[in-house]
Engineer: 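Take this structure, written in structure tokens, and hold onto it; I'll ask about it next.
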Amino acid sequence: MTKLDFLFKEDYLIAGVDSGNISNKITYIDQKGNVVSLNIASIIGENAETTAEDMPDESADKSFPDDMILHLHIKSKALPKNRTNAYYTVGEYAQISTNDKNNLRETSSDARDKLGNEIHVVTTLAGLALAAWKSGKTNKVDVPLSFGLPIEEAKQASSEKINLYMGEHEITAIKGPYKGKTITINITDVQLNVEGVTSYLALAFDLVDGEVVETEFSSQIHDEFAIADLGAGTLDLALYDENGLNSTKSTNHLIGTNKYIDLIMKEAAELKEFDSIRARFERVNKTPKISFTREEFMRKFIKPEINKMVIKPKYSPVFKATWQSKTADITKIVDKYTKEYAEEVKDKVIRYFVDTNVGQMIIVGGGLLFAYQYLEELKDEDCLFPPSIDQASFFTSKAYLLKNIIAEIEKQSIEA
């Protein structure tokens, strides 16, 4: 396929956004024409006009990347009416830098309203600004935006809400490596996708050096198949039959990883090894928390062991959590709740096979990584796992990006 020249325009950025209840995944095309993904925790610090002014630009946490120091001034009509010109800290940096915890906002484990939610709007705009800066964009950039909603929420979305992002949004970096830089994100088009429905695009195609190429994995996908997208808040099931997407039999369930991560964090904090640390919180009437965000907890204590397990299938993970000066083995707790989550997922997957008579299901989403050791047996149930499991959480945002590119190609063909 010919190189897509429009991807390389200086004032242009094309992106796919998967805004979840743990993190917001932004996938875009960089200046070389390749796919790049960002992950921003779904947490914001409001009223950040003076927040973190005395803090150094570098986080004390060595595993925290400098480019995720997101202290921003955002001007946008997509924000709540009283905050269209506001200062925010964004992602994990919001937790690190916000002194008044009353200003912190994090999605609840069962949050359902994604469209128009302030946390999702702020993290989306922050992600697009970061993508633009990383791609060397300056001043103003036109962005056709592709994002998604759970099946049931998408059915009820009004055109007014869908077009919330249309128009210009001005973002200025207050701190971090892009300090002092201002970018205007001009959303020229908005494309709403249904979660799980477009995931096959990310499995069947890739974009290399500005050219769409077919993946080796595509040859393993049958003519009729289903996709299970294991997300933070929902389990989305989409069926593809001889007529394409079967919207009648596609559905979603309120089964997500957030609930189980919260349970792991809560039970881990109650271990006897942490008695003295927990007592400190209780003395000042604060809720004991090993980590202040799910993203931080997963990044520090869970994902490193899962990555080892994916690389070495026979590896037996040992999960340990460090809380202030104390460290405890939380392997049994992690095993208990990842297994519970996996059993819920497996039950819905098996039932879907029975209810639809589909012969193949592809499993994607962050939940696949979260409970990998217990979901792996689904391979014996006619289920396919993507080849790059470590990128499983980005398949949805990548699919939105590819759908966006296809729409832009079609638009340019019509204009020509």
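Remember, predicted model here, so these are calculated numbers, not experimental data.
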Engineer: Taking atom CG of Leu271 and atom CD of Glu267, what is their separation to the nearest 0.5 Å?
Structural biologist: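 Spacing of CG (Leu271) from CD (Glu267) equals 7.5 Å.
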Engineer: I want to know whether Phe147 and Tyr400 have ring centres closer than 6.0 Å.
Structural biologist: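 When the ring centroids of Phe147 and Tyr400 are compared, they turn out to be at least 6.0 Å apart.
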Engineer: Would you check if Asn47 and Tyr87 make a side-chain contact, meaning some heavy-atom pair closer than 4.5 Å?
Structural biologist: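 Of all side-chain heavy-atom pairs linking Tyr87 with Asn47, none is under 4.5 Å.
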Engineer: Measure the shortest side-chain to side-chain distance between Ile44 and Thr123 over non-hydrogen atoms and say whether it is less than 4.5 angstrom.
Structural biologist: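 Result yes, sub-4.5 Å side-chain heavy-atom pair found.
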Engineer: For Tyr12, is the NZ or CZ atom of Lys9 found under 6.0 angstrom from the centre of its six-membered ring and inside 45 degrees of the ring axis?
Structural biologist: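 Yes, Lys9 lies over the aromatic ring of Tyr12.
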Engineer: Is any NZ, NE, NH1 or NH2 atom of the basic residue among Lys308 and Glu305 found under 4.0 Å from an Asp or Glu carboxylate oxygen of the other?
Structural biologist: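 Yes.
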Engineer: Within a strict 4.5 Å, meaning less than it, do heavy atoms of the Arg83 and Glu118 side chains meet?
Structural biologist: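 In short, these two side chains touch, coming nearer than 4.5 Å.
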Engineer: Just so I know, are the side chains of Thr327 and Glu273 near enough to count as touching, which here means a heavy-atom distance under 4.5 Å?
Structural biologist: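 A side-chain contact is absent here, since even the closest heavy-atom pair is not under 4.5 Å.
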Engineer: Looking only at heavy atoms, which two atoms of Ala407 and Gln191 are closest? And how far apart?
Structural biologist: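 Answer, listing the atom of Ala407 first, then Gln191: CB-NE2, 3.3 Å.
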Engineer: Side chains of His169 and Ile171, heavy atoms from C-beta outward: is any pair under 4.5 Å?
Structural biologist: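 The answer is yes, as the side chains (C-beta and beyond) meet within the 4.5 Å cut-off.
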Engineer: I need the single residue from Leu4, Val213, Asn34, Leu401 that forms a side chain to side chain contact (heavy atoms under 4.5 Å, CB included) with Leu207. Which is it?
Structural biologist: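 So, applying the side chain to side chain contact (heavy atoms under 4.5 Å, CB included) to Leu207 and each of Leu4, Val213, Asn34, Leu401, only Leu4 qualifies.
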Engineer: Can the ring centroids of Phe301 and Trp323 be said to lie less than 6.0 angstrom from one another?
Structural biologist: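 Phe301 vs Trp323: aromatic centres not under 6.0 Å.
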Engineer: Looking at side-chain heavy atoms only, is the closest gap between Asp30 and Lys134 below 4.5 Å?
Structural biologist: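 Not touching, per the 4.5 Å side-chain cut-off.
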Engineer: Val284 and side chain to side chain contact (heavy atoms under 4.5 Å, CB included): which single residue from Lys286, Arg280, Glu282 fits?
Structural biologist: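 Single side chain to side chain contact (heavy atoms under 4.5 Å, CB included) partner of Val284 among Lys286, Arg280, Glu282: Lys286.
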